[in-house]
Amino acid sequence: QVQLVESGGGSVQAGGSLRLSCAASGYTYRTYWMGWFRQAPGKEREGVAAIAAGGGRTYYADSVKGRFTISQDNAKNTLYLQMNSLKPEDTAVYYCAASAYAGGWYAALHTGTYKYWGQGTQVTVSS
């Protein structure tokens, strides 16, 4: 059974940093594409960052490019999202997700690509 458990959310002032973690279990981690998504109140869930299976190519939404970094530790079956220079508009519930395949930027950051989801972790950025 696939399980994804996020942690690391919290409250921070604008300009600050947070690192989210997603612990994965129940499947061969390195063979899956992994993504971070977020959902703000009243808005649709959107793709933030994704990483190809095995830790290769990475993909970012334009809104976070240059500020967020996705990475993973295959030995620990853990996905990370380092978030720097946070802005109030980054406030949302952040989810990690896993997919057996996602080719290209659009698919990698599209919610419909991913079958498995974590429960989410709240990130609040105050001005």
Side-chain angles (χ1 to χ4, degrees):
Q1 182 180 355
V2 175
Q3 270 198 316
L4 302 172
V5 180
E6 302 96 335
S7 61
S11 297
V12 65
Q13 288 194 326
S17 298
L18 283 174
R19 188 177 82 154
L20 306 183
S21 299
C22 172
S25 62
Y27 66 101
T28 305
Y29 177 78
R30 66 182 179 277
T31 65
Y32 274 60
W33 289 61
M34 300 295 296
W36 284 102
F37 294 78
R38 66 187 182 186
Q39 188 166 18
K43 295 189 177 181
E44 292 189 356
R45 192 171 298 188
E46 62 176 0
V48 174
I51 188 165
R57 190 168 294 182
T58 56
Y59 304 84
Y60 294 94
D62 288 343
S63 59
V64 306
K65 201 173 294 183
R67 300 188 297 121
F68 290 11
T69 302
I70 188 172
S71 63
Q72 61 186 12
D73 185 333
N74 289 330
K76 296 182 178 180
N77 287 3
T78 301
L79 178 74
Y80 302 101
L81 184 68
Q82 178 65 45
M83 304 186 295
N84 298 329
S85 301
L86 283 161
K87 304 175 181 180
E89 51 262 44
D90 294 319
T91 295
V93 178
Y94 283 71
Y95 301 88
C96 70
S99 173
Y101 179 75
W105 183 89
Y106 178 80
L109 295 179
H110 191 266
T111 56
T113 299
Y114 293 81
K115 181 176 182 180
Y116 304 106
W117 293 84
Q119 83 289 348
T121 186
Q122 176 71 46
V123 171
T124 302
V125 184
S126 58
S127 57

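Just so it is clear, the model here is predicted, and its values are computed rather than measured.
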Could you check Glu46 against Leu109 for side chain to side chain contact (heavy atoms under 4.5 Å, CB included), going step by step and ending with a plain yes or no?
CA-CA 7 Å; Glu46 62 176 0; Leu109 295 179; over 6 Å; no

Would you sort out whether Tyr60 and Thr69 count as a side chain to side chain contact (heavy atoms under 4.5 Å, CB included), showing the intermediate values?
CA-CA 8 Å; Tyr60 294 94; Thr69 302; 3.8 Å; yes

If you apply the rule side chain to side chain contact (heavy atoms under 4.5 Å, CB included), what do you find for Thr111 with Gln39, and how did you get there?
CA-CA 11 Å; Thr111 56; Gln39 188 166 18; over 6 Å; no

Under the side chain to side chain contact (heavy atoms under 4.5 Å, CB included) rule, what do Thr113 and Tyr106 come out as? Steps first, then yes or no, please.
CA-CA 9 Å; Thr113 299; Tyr106 178 80; over 6 Å; no

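A salt bridge between Lys65 and Asp62 is present, with a side-chain N of the basic residue lying under 4.0 Å from a carboxylate O of the acidic one.
Looking at heavy atoms from C-beta onward, Arg38 lies in side-chain contact with Val64 at the 4.5 angstrom threshold. The closest side-chain heavy-atom distance from Arg67 to Met83 is not below 4.5 Å. Residues Val125 and Glu89 fail the side-chain proximity criterion, which asks for heavy atoms closer than 4.5 Å.
Taking the six-membered ring for Trp, Phe68 and Trp36 have ring centres at least 6.0 Å apart.
Screening Tyr94, Tyr114, Tyr95 for a ring pair (Phe, Tyr, Trp, His ring centres under 6.0 Å) involving Phe37 leaves a single residue, Tyr114.
Relative ring orientation between Tyr116 and Tyr32 is described as tilted, the plane-to-plane angle lying within the 30° to 60° band.
Put simply, CG on Leu81 and OG1 on Thr121 are 11.0 Å apart, with the number rounded to the nearest 0.5 Å.
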